Each structure stands twice: as structure tokens, then as C-alpha cells.
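For reference, the structure is listed below as C-alpha cells.
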Protein chains: 2
Amino acid sequence: MLEILECGGCIEPAHFFTLMRRTFRIAHLLYLEAEPYPDELKICRLHHTFGAYAAELYLTRGLYRIDPILKLALGGVRPVEWTTARHRFPECEPLFKTAEEIGLSSEGVALPLPSPAGRMALLAINVNMSAAEWSIYRRNHLRDFQLAANLFHAGMLENAAMTGGLNTREMRLTGRETEVLTWSAAGKSYWEIATILGISERTVRFFMTNARRKLNVVSNTQAVAQAVRHALIPTV
Amino acid sequence: MLEILECGGCIEPAHFFTLMRRTFRIAHLLYLEAEPYPDELKICRLHHTFGAYAAELYLTRGLYRIDPILKLALGGVRPVEWTTARHRFPECEPLFKTAEEIGLSSEGVALPLPSPAGRMALLAINVNMSAAEWSIYRRNHLRDFQLAANLFHAGMLENAAMTGGLNTREMRLTGRETEVLTWSAAGKSYWEIATILGISERTVRFFMTNARRKLNVVSNTQAVAQAVRHALIPTV
DNA sequence: GACGAAACTGTCGGTAGTGACAGTTCCGGA
DNA sequence: TCCGGAACTGTCACTACCGACAGTTTCGTC
């Protein structure tokens, strides 16, 4: 199975999920790719096997706001054990209560996945077994999950790069736009940037305006925040 | 071994490398964390077992500029096979020639690792076996390498977050300072932030001024850039 | 040669940010 | 009890930013 993934043969989420469930004792899978924003999370891609009803409950009850797995997996690097997350964040009980209501297990693990340009992704794996069983199973197969997740994610990213680069094309900053943003992030004023780059102050403003438009923000401050978050400008 | 890593018991690179070489048939390891710049690469952390002579050759001969493994692993998600990279980039022959000169094998794999804030990292694994042997060995143990790499990387990042507390102590922001910075990073004006927080505009400016002073910067834009970079304000 | 993308420039009027002046209130620790 | 830190507020003058107006030039690709 891992060979199939490595050769890029599996870019269809449904196919990958089926393969995973057939190969391992997995109940459900969820793949999420998102962009972190100041006040929310912009979901770029979402595939899962939990079904429409579970998804509806998750959304209508606002469970995504308390989901500790999202916070931990999208912010970190280490695999996130569901039960560990549950114990560390008591306020997320409604989430697990809801899961139990509709007959979903609370055992599982979420694997953070690397993404370029500040995006984050995760593959969550839900199993239907006792805690003891899961502990052993996890020890044996976490490495398989991790590699499979990485390869699948790589396939998804490559596929996205192939088919729809519209996001990347829109958001791509030109050389000058990157430069003025970088200097602005360094605390320079328009006049200073103009002097540094040897161009007129008006031109600096022109580049900054274009950068703001491309980043879809309303102020230089917000533009710089976005640029730093998405690694569009170098860190000093 | 993987359990040791998962419990965060191995944060010393030398220790991890020894453990890896003892557990697997690995000749050399290299861990690199870097920040991608438009035209160059800023190395944040580098640990390896290739020895000083190899490192010197690598630097003096400028091999880092043609190294395809750096490009592929720091830009992608998929594990990079050394021989594949070699065939795809004929201009990197000097690199492998140099490796052979000093008795290093050309078989290996580089694993990209996720990092927050736009940084990239990789763990390169070099083995001393024939192509056929490596092919089989790799099939069996790539998943182990991937998981071990991820866990080690997680440990490194967590450790960095711990020890880098000297900045945090000096730069510690109060609750309100963090709030106003967060809203400013979201593109809100003083008036808007004042309305949101239910305080006067003057007070927002007061907090912002304090934040600027603590961060030792001259503008709100620079303060937000610093705050985002140092993760002083929430990303999500 | 046409075309688009990037780099570049000028002016005006309004709004937002910045520093410096000078305060009050509340709370927890020495 | 005193003290420091955090939260909070007012006013003034200056500077920086920002949107909308309307352009030129240069470069590489088709």
C-alpha cells in the first residue's frame, strides 16, 4: 500500500481512505488543509468519512471552536492523541459527548502535516477499539500512519499544484512588493523605504497598495502580519 | 526507540544520531532547519555526523548551491531519494563526486519536516549499502525513519521554545497589549479596537505604545511583525 | 508588433497613527 | 502599609498612511 502512495498512484481521497480502512483497522479518517487566520480558520480542503450527519452536528453545535485536536495538530508537529487532548482540555467534553451520541469512538490520533506557505494540514485517524487495544495497535502502526499520511498529503499538494494554481497565482507577490513589505515589517516608513530602494515615495506606496490588494487586507500592518504568517517575506 | 522519542526523551541531536545508527543500518545523518529566502537559505540549526572535513568541503566548494536534495526536501513534502535527485539534476554531479572522494555513499533519503512560521527542516539519512540492498531496506524502514524524524524534530522545536525563554521574559506582553496587537494584526484601527474591547481609543493607543516599547520597535507594523514571528499573538 | 506584467511617478484630501504633556483606579505581593 | 504593575483616560500637534485620480517605461513572450 505504501508503495502505491509513493508512486503517486493515489490522489483521490476516497480511494486513499478506502485503502487505509482496508489495510488497517481504522474506523474513520479525516484530512484537513487549512490556512490560519487571526480570528478564524480558512479551510482549503476537507475530506472525511464521518458522514454528513456528524459533519452537520460538528458545524451547527460549533464544536470546531472547542476542538483541541485542531488547535494542537495545526499548531504543532507531534502526533496528537485524542484522549490526551481530551484530558488536557476539559472544555472540549461536548465534542466527545457528541461523538459518543452518534456512536463514534473517542480513540484516535491526529498527524500534523507540513505545508508550504504557512498552511497547515492534518490527517486524523479514528479507530474503534478499546484503549488497551489501541495503545498496542498504535505502537505498531503509528509509523505506517505517519508515512502514509505524508505521502498522501504530498500527492494532494502536487495535484493541487498541477490543477489549480489560481490561489498561488493570485497571491504571488512581485519582487518589489516583497521588498517594501519586508522593509515595512522592519519598521521603515514610506520615505525611508523609498530612500533605501532608490525610488520615489509614491512608488513605494504603489507597491504596498498592490501587496494589500493581493493579500486582501486593509492596512500595511495586516499585510505584514499575513506576509510573516505565510512566510512571504524573510524573517529578520 | 520510537517510544523514547515520543516521550520527548531525546532532545540531544548527538544522542538521537547515535540511537538511530545503533538501531538501523545508517551510515550518517544530517538534521537541518533553515529559513528560505528569495535568493539564499538562512541556516537556523544544523547537526550532522559527516564530520568536519566533509562539512568544510561542502562549504568551500560551494556544493550547497547545487545540492538538489536541499531544494527538493526544503520545498516539498515527499521523501527525496538521493539517487533520484542525482539523476534529475545532472549539474549536481560535483556533489556526489566529492562524496565519493571522501568515501561517502551516494545512497540515502531526505525527509522533509514541517515547521511553523515558514521555516523548513529536513532529516537526511545516508546508508552504506548497495542500491539493491537499500531498495529493500528502505521499503521496510522508511516509515520508521519518517516517524523518528518527525518526533525528533518535534522535540527540537519544543526544546527551542523552552530555552528561547530569555526573549519571552523581557518581551512579555500583558493581556491587553496582546489583544490590541492581535486586532491590529487583523487590520483593525484604533477606533475599531476600542469599540471591540469596550474601552477608549486613547487606552488602545496606550497599550499599543507599551507594546512597541517592550518589543523595542518604532511602528505598529513592526510590532505586529515581531509579535507574529515570536508567536506572541495567536495565529489562529 | 501587440500584449501583459512589472516597475515606476505625480497630486489631493481625508483618516490613522505617534509622541509628549499629565493624570486616576485597582489589585496583589513585600 | 506601601509599592509596583496593570488597566484606564484626556488633549495637542505632527507625521504617516491610504484611496482615488491619471499616467510612462521597460521587459519578455506570443
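Below, each value reflects all heavy atoms present in this structure, side chains not excepted, and no hydrogens, waters or symmetry copies. Numbered from 1 within each chain, the chains take letters A, B, ... in sequence-line order. Remember, predicted model here, so these are calculated numbers, not experimental data.
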Need to verify one output field. Residue with the more 5' nearest nucleotide on DNA chain D, B:Phe207 or A:Met208? B:Phe207
Short side-chain N/O contact to [N] OP1/OP2 from [X], under 4.0 Å:
X        : N      : answer
B:Thr174 : D:dA7  : yes
A:Thr203 : C:dT9  : yes
A:Asn220 : D:dC18 : yes

If you only use heavy atoms from C-beta on, which nucleotide in C:dC8, D:dC17, C:dA6 is closest to the side chain of A:Arg176? C:dC8
Nearest to the side chain of A:Ile199, heavy atoms from C-beta on, is which of C:dT9, C:dA7, D:dG19? C:dT9
Which atom pairs link the protein and nucleotides 11-14 of chain D when you take only N or O atoms and keep those under 3.5 Å?
{"from": "D:dT11", "atom 1": "O4", "to": "B:Arg202", "atom 2": "NE", "distance (Å)": "3.1"}

Is it the case that more than 12 heavy atoms not belonging to B:Arg88 sit under 6.0 Å from its CZ atom? no
Between the first and last five pairs of the helix from C:dG1-D:dC30 to C:dA30-D:dT1, the angle of the axes, rounded to 10 degrees: 60°
Side chains of B:Arg86 and B:Thr83: any donor to acceptor distance under 3.5 Å? no
Under 6.0 Å between ring centres: does that hold for A:His153 and A:Tyr31? yes
Which part of the nucleic acid, if any, lies within contact of B:Phe206, taking any heavy atom under 4.0 Å across all strands shown: a base, the sugar-phosphate backbone alone, or nothing? base
Applying a 4.0 Å non-hydrogen cut-off, can you work out what A:Ser219 is touching in the nucleic acid: base, sugar-phosphate, or nothing? sugar-phosphate
Minimum-distance pair of heavy atoms, taken over all atoms of A:Ala211 and A:Leu173: CA-CD2, 4.2 Å
